[in-house]
Undergrad: 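Have a look at this one.
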Amino acid sequence: MPTSTLTEVKISPIDAPLGAIVTDFDATQAIAPEVILQLKQALRDRHILIFKDQKLSDEQLLNFSLYFGALFVPSDETPVLASKPGETPVVIPISNVDGGYTGTGELTFHSDHKWTPTPSSGSLLYALEIPSQGGDTYWLNTNLAYEALDETTKQRIADLQLITYNPFLQNRNAPRPLYRLDKNIPLISPVFPHPLVRTHPESGKKHLYLDAATEVEIVGLEPEEGSKLIEQLRQHLNQPKFYYQHKWSVGDIVYWDNQATLHYRQAFNPNERRVLKRVSLAGSRPF
């Protein structure tokens, strides 16, 4: 049990399109309400928080995460990473060893759980073992990406709804389409349209709510028009001026706002170990 309460915290914005570093902080301690508020406000403004030099058990990571919200719990109809019928682990090993998930390859820019009715609000990822090279994670500021669009495009996409298809219900070995062009293929899961331009529930800012490579479809547009628009927006997203590259250190916890960012992982040497733990927090219906 924590023996003391943390009453002060140092939060330093980094020189990047998003992100702040939290130092002089021990996530195993009880945390005073004013510090939790500071952290939540910093997350709202900077979109990701980087806690350095932490040493936590799974239980301590979970307890720390719960200061920021309830746990994300998907339904059986909308499986996510690590889902098994009837349960999804609350602390998920993101690793290439010991039954972990996501392997060693590149993971394209995405936000988690977009294909569910209430995608997660955020996640905390805690680094235990890091390879000597590669495996960096990039986070992209989707508000900056939206604001950088021309006014004509902003007006065109203002009221569009986007369906993101569940990648965990697709054949892993089949090529993954970037847009649903053939509507004759029967759906294998429920679908949940969300705004292509999402309003953040706390800041009120607008965000381009689109992954880089997941199969999608714009409601009400013909496939040719919809796929061209999505390709244009994805090319726009793929710009270094929108993102921050995080080189992991053992003991890092990165807490990101899943409503305001995309994240990407570099590939790394499969002969080296990369072991992290993730907790995801519940979100609300996008609007």
Undergrad: Between G251 and Y126, what is the shortest heavy-atom contact and its length?
TA: CA-CE1, 4.0 Å
Undergrad: Kindly say whether A260 contributes a backbone atom to a donor-acceptor pair with the side chain of T142 at under 3.5 angstrom?
TA: yes
Undergrad: Looking at S249 and I130, what are the two nearest heavy atoms and their distance?
TA: C-CG1, 4.3 Å
Undergrad: Between T137 and Q266, does a side chain to side chain contact (heavy atoms under 4.5 Å, CB included) hold up when you go through it step by step?
TA: CA-CA 6 Å; T137 304; Q266 282 179 335; over 6 Å; no
Undergrad: What pair of heavy atoms forms the shortest contact from R265 to G103, and how long is it?
TA: NH2-O, 3.3 Å
Undergrad: Any side-chain donor-acceptor pair under 3.5 Å between H207 and N141?
TA: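 Distance-only check fails for H207 and N141.
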Undergrad: Between N143 (side chain only) and K205 (backbone N and O only), is there a donor and an acceptor less than 3.5 Å apart?
TA: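 Pair absent, no side-chain N/O of N143 close to backbone of K205.
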Undergrad: Going by heavy atoms in the side chains, are D58 and K277 under 4.5 Å from each other?
TA: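 In contact.
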Undergrad: Do T261 and S111 have side-chain heavy atoms sitting under 4.5 Å apart?
TA: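 Counting from C-beta outward, T261 and S111 never come under 4.5 Å.
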Undergrad: Take L178 and R234 through the side chain to side chain contact (heavy atoms under 4.5 Å, CB included) test and state the conclusion after the steps.
TA: CA-CA 10 Å; L178 298 179; R234 284 172 162 163; 3.5 Å; yes
Undergrad: Hey, does K55 have a side-chain heavy atom less than 4.5 Å from the side chain of T28?
TA: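 SC-SC contact between T28 and K55 ruled out.
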Undergrad: Please report the C-alpha distance between I31 and T5 in whole Å, then the side-chain angles of each, then the deciding distance to 0.1 Å, and finally whether the side chain to side chain contact (heavy atoms under 4.5 Å, CB included) criterion is met.
TA: CA-CA 5 Å; I31 305 174; T5 299; 5.9 Å; no
Undergrad: Test the K10-F25 pair against the cation-pi criterion, namely NZ or CZ under 6.0 angstrom from the six-membered ring centroid and within 45° of the ring axis.
TA: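 Not satisfied by the 6.0 Å and 45° rule.
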Undergrad: So, are K52 and D24 salt-bridged, with charged N and O less than 4.0 Å apart?
TA: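 No, this pair does not count.
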Undergrad: Cationic tip of K154 within the cone over Y146's six-membered ring, i.e. under 6.0 Å and within 45° of the normal?
TA: yes
Undergrad: NE2/H194 to CG/L162 distance, rounded to the nearest 0.5 angstrom?
TA: 9.0 Å
Undergrad: Given the rule that I, L, V, M, F, W and Y join up when any side-chain heavy atoms are under 4.5 Å apart, are F51 and L66 in one cluster?
TA: yes
Undergrad: Compute whether any side-chain donor of one residue and acceptor of the other, for Q29 and S4, lie under 3.5 angstrom apart.
TA: yes
Undergrad: Could you walk me through whether D252 and K247 satisfy the salt bridge (charged side-chain N to carboxylate O under 4.0 Å, His left out) test, starting with their C-alpha distance in whole Å, then the side-chain angles of each, then the deciding distance to 0.1 Å, before giving a yes or no?
TA: CA-CA 10 Å; D252 284 356; K247 292 187 178 299; over 6 Å; no
Undergrad: Establish whether I230 and L181 are linked, either directly or via other cluster members, by ILVMFWY side-chain heavy-atom contacts under 4.5 Å.
TA: yes
Undergrad: Measure the CG-CG distance between L124 and L56 for me, rounded to the nearest 0.5 Å.
TA: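 The CG atom of L56 is 10.0 Å from CG of L124, to the nearest 0.5 Å.
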Undergrad: Checking R44 against D257 for the salt bridge (charged side-chain N to carboxylate O under 4.0 Å, His left out) test, could you report, in this order, the C-alpha distance in whole Å, the side-chain angles of both residues, the deciding distance, and whether it holds?
TA: CA-CA 8 Å; R44 177 198 64 200; D257 186 338; over 6 Å; no
Undergrad: Using every non-hydrogen atom in the two residues, find where V191 and I163 come nearest and quote the distance to one decimal.
TA: CB-CG2, 3.7 Å
Undergrad: Can a donor-acceptor pair be found, under 3.5 Å and without considering hydrogens, that links the side chain of T164 to the backbone of V216?
TA: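 Looks like no, no N/O pair under 3.5 Å.
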Undergrad: Cluster question for you: counting only ILVMFWY and a side-chain heavy-atom cut-off of under 4.5 Å, with indirect links fine, are W248 and I92 together?
TA: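 Yes, it is one cluster - the side chains of W248 and I92 are joined through contacts under 4.5 Å.
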Undergrad: Any side-chain heavy atom of Q54 sitting closer than 4.5 Å to one from L61?
TA: no
Undergrad: Between atom OH of Y138 and atom CG of L18, what is the distance when rounded to the nearest 0.5 Å?
TA: 13.5 Å
Undergrad: Enter the distance from R273:CZ to S132:OG here, rounded to the nearest 0.5 Å.
TA: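 It comes to 14.0 Å.
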Undergrad: For L43 and E202: C-alpha separation, side-chain torsions, deciding distance, then whether side chain to side chain contact (heavy atoms under 4.5 Å, CB included) applies.
TA: CA-CA 10 Å; L43 183 78; E202 293 169 29; over 6 Å; no
Undergrad: Identify which one of Y243, F109, Y244, W256 satisfies the ring pair (Phe, Tyr, Trp, His ring centres under 6.0 Å) criterion when paired with W139.
TA: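 It is W256, the one option of Y243, F109, Y244, W256 that forms the ring pair (Phe, Tyr, Trp, His ring centres under 6.0 Å) with W139.
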Undergrad: Same cluster for L71 and Y67 if Ile/Leu/Val/Met/Phe/Trp/Tyr side chains link at under 4.5 Å?
TA: yes
Undergrad: Output the distance between atom CD (E34) and atom OG1 (T7), rounded to the nearest 0.5 Å.
TA: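 E34 CD to T7 OG1: 7.0 Å, rounded to 0.5 Å.
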Undergrad: Without swapping roles, check the side chain of S203 against the backbone of H200 for a donor-acceptor pair under 3.5 Å.
TA: no
Undergrad: Applying ring pair (Phe, Tyr, Trp, His ring centres under 6.0 Å) to H236 and F242, what does each step give before you reach the verdict?
TA: CA-CA 10 Å; H236 170 77; F242 299 141; 5.4 Å; yes
Undergrad: Would E147 and K241 count as a salt bridge (charged side-chain N to carboxylate O under 4.0 Å, His left out) if you check the C-alpha gap in whole Å, the side-chain angles of each, and the deciding distance to 0.1 Å?
TA: CA-CA 12 Å; E147 294 298 345; K241 66 181 180 180; over 6 Å; no
Undergrad: Considering only heavy atoms from C-beta outward, does the side chain of E215 approach that of Y179 to under 4.5 Å?
TA: no
Undergrad: State the CD1-CD1 distance between I157 and I218, to the nearest 0.5 angstrom.
TA: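 Between I157 CD1 and I218 CD1, I get 8.5 Å after rounding to 0.5 Å.
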Undergrad: In the structure I gave you, are the side-chain heavy atoms of S123 and Y255 within less than 4.5 Å of one another anywhere?
TA: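 No, every pair of side-chain atoms sits at 4.5 Å or beyond.
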Undergrad: Specify the closest pair of heavy atoms between P201 and Q259, including all atoms of both residues, with the distance to one decimal.
TA: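 It is CG-OE1, 3.4 Å.
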Undergrad: Are any side-chain N or O atoms of E272 and backbone N or O atoms of N269, one a donor and one an acceptor, separated by less than 3.5 Å?
TA: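 Absent.
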Undergrad: Would you indicate whether the side-chain heavy atoms of I253 and I50 approach each other to under 4.5 Å?
TA: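 They are not in contact (no side-chain heavy atoms under 4.5 Å apart), so the answer is no.
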Undergrad: Under 6.0 Å from the ring centre and within 45 degrees of the ring axis: does the NZ or CZ of R180 meet both conditions for the six-membered ring of Y165?
TA: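 Checked: cation-pi criterion met.
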Undergrad: Between R274 (side chain only) and P131 (backbone N and O only), is there a donor and an acceptor less than 3.5 Å apart?
TA: no
Undergrad: Report yes or no: do V275 and V254 belong to one cluster of Ile/Leu/Val/Met/Phe/Trp/Tyr joined by side chain heavy-atom distances under 4.5 Å?
TA: no
Undergrad: So which heavy atom on G283 is nearest to which on T118, and how close?
TA: O-CB, 3.6 Å
Undergrad: Keeping the roles fixed (side chain from R46, backbone from Q41), state whether a donor-acceptor pair exists under 3.5 Å.
TA: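 Here the side-chain-to-backbone pair does not exist.
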Undergrad: Identify whether the distance between the nearest side-chain nitrogen and carboxylate oxygen of K114 and D211 falls below 4.0 Å.
TA: yes
Undergrad: Any side-chain donor paired with an acceptor under 3.5 Å for S120 and S280?
TA: no
Undergrad: Between I94 and L125, is any pair of side-chain heavy atoms under 4.5 Å apart?
TA: yes
